[in-house]
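It should be emphasised that the depicted structure is a prediction, and the values quoted were computed from it without experimental measurement.
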Amino acid sequence: MRLCKGPLIFGPLITGGQSLNPNGTKPHISASCKQNPSVRWSFSKMGREQPSQSQMAYTVEQLVAVNPYNPDILPDLENYVNEQVSLQTYSLDANLCLLRLYQFEPERMSTQIVAHILIKALMAMPAPDFSLCLFLIPERVQMDEQFKTLIVLSHYLETAKFRQFWDEAAKSRHILEVVPGFEQAIQEYAVHVLSLTYQKVPRSVVAEAINMEGLSLDKFVEHHVANSGWIVEKAQGKGQLVSLPRNEFNHPELRRSSADIIPLDHITRIFPVLG
């Protein structure tokens, strides 16, 4: 996502929560730039705009890096959250920057945008993004019903209570379905947890963890058999077992530490003492 244009050389100094130009003056952003992110950034000195000789388009990530405490970039960051939702992309740094700006500008906070940020953070599990975002949201805001629901869902995911998670998610579809790809992301997380926990897992446990059954479950398992190294075996009775690829967590191995090994020459030195 490309935003306002500005001078090629842009090295802000943060002093007292404000960003300064390399020459020590405060950056000036015209009203048109605030409304339309496609126009250029311009800087003023003594109230007069200075012409810029070289121009470049700044991405959101660059604006966050050079001007993280400038409230004028708040609308751009909000638009970027909406872009992440529509294009199914993700930027934790930009979202954290927006939540920090909301702390300084609480009257400008959009609960819808905050909800989208938290949902995208849930989709990033097992990364701790949800907790990082939650720390920047005031407690009074967290008491909103939709945020309380997201916090409960986060707890279920962190504790691998997938049946409770999917039951609660079904009650909150109006909150979650606005972000495309949510269900698929959680299913990938569930598979990740299973792969760290089991060497062989009953097919029924896989079905519960990913909230699938019937033909959809068959296709899901077949996909992972073809692409992820799963092996489907017959279990005792009518069920099936899914054998998961080996990793250091589901197939732990004891490793001898070099600190536990005593060199032979050290042992021979004590023989004369023992007499």
Original post:
What do you reckon, is CZ of Phe220 surrounded by more than 12 foreign heavy atoms closer than 6.0 Å?
Top reply: yes
Original post:
Yes or no on side-chain contact (heavy atoms from CB on, under 4.5 Å) for Gln187 and Met212, after CA distance, side-chain angles and deciding distance?
Top reply: CA-CA 9 Å; Gln187 288 168 343; Met212 280 188 182; 3.4 Å; yes
**OP:** Provide the full list of ring-ring contact (aromatic ring centres under 6.0 Å, His included) pairs with a residue in residues 164-190, sequence neighbours left out, each pair given once.
**Re:** none
Subject >> hydrophobic_cluster_shared for Val205 and Val193, side chain cutoff 4.5 Å >> reply: no
Original post:
Just wondering, are more than 12 heavy atoms of other shown residues or ligands nearer than 6.0 Å to CZ in Arg108?
Top reply: yes
Subject >> Flag, side chain of Asn247 to backbone of Ser195, donor-acceptor distance under 3.5 Å >> reply: yes
Subject >> Side chains of Val85 and Ile119 in contact at under 4.5 Å (non-hydrogen atoms) >> reply: no
Original post:
Between Ser172 (side chain) and Ala169 (backbone), is there a donor-acceptor pair under 3.5 Å?
Top reply: no
Subject >> Interatomic spacing from CD1 in Ile113 to OH in Tyr102 - rounded to 0.5 Å >> reply: 5.5 Å
Subject >> Result of checking Leu118, Thr111, Ile117 against Ile137 for side chain to side chain contact (heavy atoms under 4.5 Å, CB included) >> reply: Leu118
**OP:** Taking all non-hydrogen atoms of both residues into account, name the closest pair between Ile73 and Cys97 and its distance.
**Re:** CD1-SG, 4.5 Å
Original post:
Among Lys161, Arg163, Arg203, whose salt bridge (charged side-chain N to carboxylate O under 4.0 Å, His left out) with Glu208 holds?
Top reply: Arg163
Original post:
What distance separates Leu194 CG from Asn250 CG, expressed to the nearest 0.5 Å?
Top reply: 10.5 Å
**OP:** Spell out, yes or no, whether Leu153 and Met125 are grouped together once hydrophobic residues are joined by side-chain heavy atoms under 4.5 Å, including indirect joins.
**Re:** yes
**OP:** For Ala190 and Ile210, work out which heavy atoms get closest and say how close.
**Re:** CB-CG2, 4.3 Å
**OP:** Look at atom CD of Gln236 and say whether more than 12 heavy atoms of other residues, nucleotides or ligands are closer to it than 6.0 Å.
**Re:** no
Original post:
Strictly by modelled atom types, are Asn95 and Gln84 linked by a side-chain donor-acceptor pair under 3.5 Å?
Top reply: yes
Original post:
Side chains of Glu61 and Tyr80: do they bring a donor and an acceptor to under 3.5 Å?
Top reply: yes
**OP:** Give the cluster check for Val141 versus Phe130: same hydrophobic cluster or not, with ILVMFWY residues linked at side-chain heavy-atom distances below 4.5 Å.
**Re:** yes
Original post:
Atom CD1 in Ile186, atom CG in Leu157: separation rounded to 0.5 Å?
Top reply: 5.0 Å
**OP:** Evaluate the side-chain proximity of Glu78 to Ser110: yes if any heavy-atom separation is below 4.5 Å, no if none is.
**Re:** yes
Subject >> Gln142 side-chain N/O to Leu134 backbone N/O, donor-acceptor pair under 3.5 Å >> reply: yes
Subject >> Approximate separation, where rounding is to 0.5 Å, of His155 NE2 and Ile151 CD1 >> reply: 12.0 Å
**OP:** Measure the shortest side-chain to side-chain distance between Val242 and Tyr198 over non-hydrogen atoms and say whether it is less than 4.5 angstrom.
**Re:** no
Subject >> Which atom of Pro245 lies closest to which atom of Trp230, heavy atoms considered >> reply: CD-CD1, 3.8 Å
Original post:
Rounded to the nearest 0.5 Å, how far apart are CG of Leu92 and CG of Asp129?
Top reply: 4.5 Å
**OP:** With rounding to the nearest 0.5 Å, note down the distance linking NE2 in His116 to CG in Asn82.
**Re:** 7.0 Å
